[in-house]
Amino acid sequence: QVQLVESGGGLVQAGGSLRLSCAASGRTYSRYTMGWFRQAPGKERQFVAAKSWSGGTILYTDSVKGRFTISRDNAKNTVYLQMNNLKPEDTAVYYCAAKQATIAIMSRDSYDYWGQGTQVTVSS
């Protein structure tokens, strides 16, 4: 079992930045691919970014490329999502997820563990 707890969400103006954190506990963290997803009201949960446990593969959805950066500190069992130049369409609940794998994965249904989510609201 892996427990995930997100933090760092909040309200920010368009063009601003936030850094989300996801702290993991439980089974060996370093061998899990970690992903970030988001869910806006009335929409399905969508892939944002993922990074393999070694850092060898990283994936981003097209709409955040160049603005968001996923990173991880295996020693702290934490994955981060640095979000810059935020837009109102980035408003959503952001979730981190974990999957025992060696590559980054986009498929939401592939992930085994999920956090409770943190709200990000971007005002125009």
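Residues take their numbers from the sequence shown, with the count starting at 1.
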Seminar exercise, completed: Rounded to the nearest 0.5 angstrom, the OG1-CG distance for T121 and D90 is 11.0 Å
Problem set entry | Residue pair Q39 / K43: nearest heavy atoms and the distance that separates them | NE2-O, 3.1 Å
Problem set entry | K51 vs T33 side-chain heavy atoms within contact, under 4.5 Å | no
Problem set entry | Distance in Å, N84 CG paired with T69 OG1, rounded so as to fall on 0.5 Å steps | 6.5 Å
For this session: Mark yes or no for whether T118, through its side chain, and E6, through its backbone, hold a donor-acceptor pair below 3.5 Å.
Result: no
Exercise. Got a second to check how far Y95's OH is from Q46's CD, nearest 0.5 Å?
Worked result: 12.5 Å
For this session: Determine, for W114 and R45, whether the Lys NZ or Arg CZ falls below 6.0 Å from the six-membered ring centre while staying within 45 degrees of the axis.
Result: yes
Exercise. Shortest non-hydrogen contact from P88 to A14?
Worked result: CD-CB, 4.1 Å
Seminar exercise, completed: Heavy atoms of S52 and T102 approach each other most closely as CB-O, 3.5 Å
Seminar exercise, completed: Rounded to the nearest 0.5 Å, the CD atom of E89 sits from the OG atom of S63 at a distance of 8.5 Å
Exercise. In terms of side-chain heavy atoms, does Y80 have a donor or acceptor partner in R19 at a distance below 3.5 Å?
Worked result: no
Exercise. Step by step, would you call I105 with Y111 a side chain to side chain contact (heavy atoms under 4.5 Å, CB included)?
Worked result: CA-CA 8 Å; I105 297 171; Y111 284 82; 3.9 Å; yes
Exercise. Are any non-hydrogen side-chain atoms of W36 and V79 less than 4.5 angstrom apart?
Worked result: yes
Exercise. Could you walk me through whether W53 and R72 pass the side chain to side chain contact (heavy atoms under 4.5 Å, CB included) check?
Worked result: CA-CA 8 Å; W53 70 271; R72 58 191 296 166; 4.1 Å; yes
Exercise. Is it true that a side-chain atom of Q82 and a backbone atom of I70 form a donor plus acceptor pair closer than 3.5 Å?
Worked result: no
Problem set entry | Transitive ILVMFWY side-chain link V12 to V64, under 4.5 Å | yes
For this session: Identify whether I58 and Y94 are in the same connected component of the hydrophobic contact network (ILVMFWY, side-chain heavy atoms under 4.5 Å).
Result: yes
Exercise. How long is the span from the CG atom in L4 to the OH atom in Y113, to the nearest 0.5 Å?
Worked result: 9.5 Å
Exercise. Is R38 reaching over with its side chain to a backbone N or O of A92, donor-acceptor style, under 3.5 angstrom?
Worked result: no
Exercise. Does the pair T78 and D73 meet the rule for a side-chain hydrogen bond (donor to acceptor under 3.5 Å, both in side chains), with working shown?
Worked result: CA-CA 5 Å; T78 302; D73 184 336; over 6 Å; no
For this session: Working to the nearest 0.5 Å, report the span between CG of L81 and CE of M34.
Result: 11.5 Å
Problem set entry | Close side-chain approach of L86 and F68, heavy atoms under 4.5 Å | yes
For this session: Measure across N85 and R67 and return the closest heavy-atom pair with its distance rounded to 0.1 Å.
Result: O-NH1, 3.0 Å
For this session: If the plane angle is over 60° it's perpendicular, under 30° parallel, otherwise tilted; pick one for F37 and F47.
Result: perpendicular
Exercise. Is it true that a side-chain atom of R31 and a backbone atom of S54 form a donor plus acceptor pair closer than 3.5 Å?
Worked result: no
Problem set entry | ILVMFWY cluster, V122 and L11 together (side-chain gap under 4.5 Å) | no
Problem set entry | Heavy-atom side-chain proximity of V48 to Y60 below 4.5 angstrom | no
